[in-house]
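A note on names: the letters A, B, ... follow the listed sequences, proteins ahead of strands, and every chain is numbered from 1.
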Amino acid sequence: MKNKATIFEAFKNTLPVTAGYIILGIGFGVIMSANGWSILYSVAMSVFIYAGSMQYAAIGLFTGGASFLTVALTTLAVNARHLFYGISMLGKYKSAGIKKTYLIFALTDETYSLVCSTDKGTDYCFLVSVFDHIYWITGTFLGALLGSAVSFNSKGIDFALTALFVTVFVDQWLKSKNHFSAVTGVLCTAAMLVLFGAESFLIPSMLAITVILLAVPERRLNNDR
Amino acid sequence: MAAVTAAIRFLPFVLFSKAKTPAWITKLGSSLPFAVMGMLVVYCLKGVSFENISGFLPELISVIVVAVSYIWKKNTLVSIILGTLLYMVLVQFVFV
């Protein structure tokens, strides 16, 4: 049951995400503004899509006039990892009833990292999901507002996303003994980038990674953490 | 975009609501996150070019700063802000 303690606990645990989401949200809002998109549009994207890395990629895709198919395939490639978040939450979210729809919708990297390692019930997970979503929307709104009010050179601000992924990558690396999977990811993608070029290397990369990870015997991937 | 993202997130719940998760899915599920992170880092750096020094040096320096600061302080926020500010300064004023 939802009570003050659960709400407070959820809020407390999402604080690290707060800062990250607000900053990244602001970055996203600012770039959208700089590209001429309205505040309403930016916020709507954060409400309905709610996928940071994809929203950043979207700016490039839409402004460059990419085709429907390209957008769909790129979204599939960039967000495919969310499939696996869903898989690991299958058991826990089974009994969530009406909240289940939102819980599944809101499975982002950060929310997933908070809910996958806890024993607390679905009310907690729901609150975590909501808080994270709110931070993201707030950041976007602030950024879009800022971008349209003040004109400052925001060139390079999207590096924030690269920085985020680098920290997660380093964090994962430090926490594991077996780096086979991480190295596979980097090498496959780099190779596909060279082979297929920057526009179309994501799908081949995902395919290559999946094939290699499935083909390799379990013990090669074994992570004694 | 919203539809595809939502569809991806819902898919496992639709597919695997009745049956037990197959072993190969579990194996993939536990190893994929590491590979995907590596993929995403390369993806973010896809615009890098080695034709002249300003095409990759800002990225290289900033990525190293992010990684080293994170190893040192384990603070995601500090690393992101530091790296991003550095990168913005580098591309706006140094390697113009």
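- Atom CZ in Phe50(B) sits 8.0 Å away from atom CG in Leu60(B) (nearest 0.5 Å).
- Note: Ser181(A) OG to Leu213(A) CG = 4.5 Å, rounded to the nearest 0.5 Å.
- When all heavy atoms of Met192(A) and Phe201(A) are compared, the closest pair comes out as O-CB, 3.4 Å.
- Only the side chain of Ile81(B) has a heavy atom closer than 4.5 Å to any heavy atom of chain A.
- Heavy-atom pairs under 4.5 Å with chain A were tallied for Val41(B), Leu85(B), Val89(B); the largest tally goes to Val41(B).
- Ranked by heavy-atom pairs under 4.5 Å with chain B, the list Gly197(A), Ala190(A), Cys188(A), Ala182(A) is led by Ala182(A).
- Here Val186(A) is the residue among Val186(A), Thr210(A), Leu193(A) with the most heavy-atom pairs under 4.5 Å with chain B.
- Of the listed residues (Val183(A), Ile209(A), Leu187(A)), the greatest number of heavy-atom pairs within a distance under 4.5 Å of chain B belongs to Ile209(A).
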Stepwise side-chain hydrogen bond (donor to acceptor under 3.5 Å, both in side chains) test for Asn75(B) and Tyr70(B): CA-CA 6 Å; Asn75(B) 188 325; Tyr70(B) 186 77; over 6 Å; no
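- Each of Val43(A), Leu142(A), Asp132(A) was checked for a side chain to side chain contact (heavy atoms under 4.5 Å, CB included) with Ile137(A), and the lone residue meeting it is Val43(A).
- One finds the CE atom of Met39(B) at 12.5 Å from the CZ atom of Phe169(A) (value rounded to the nearest 0.5 Å).
- When the candidates Ser79(B), Ser62(B), Pro58(B) are compared by the number of heavy-atom contacts under 4.5 Å with chain A, Ser62(B) comes out ahead.
- Proximity to chain A (any heavy atom under 4.5 Å) is restricted, for Leu45(B), to the side chain, taken from C-beta onward.
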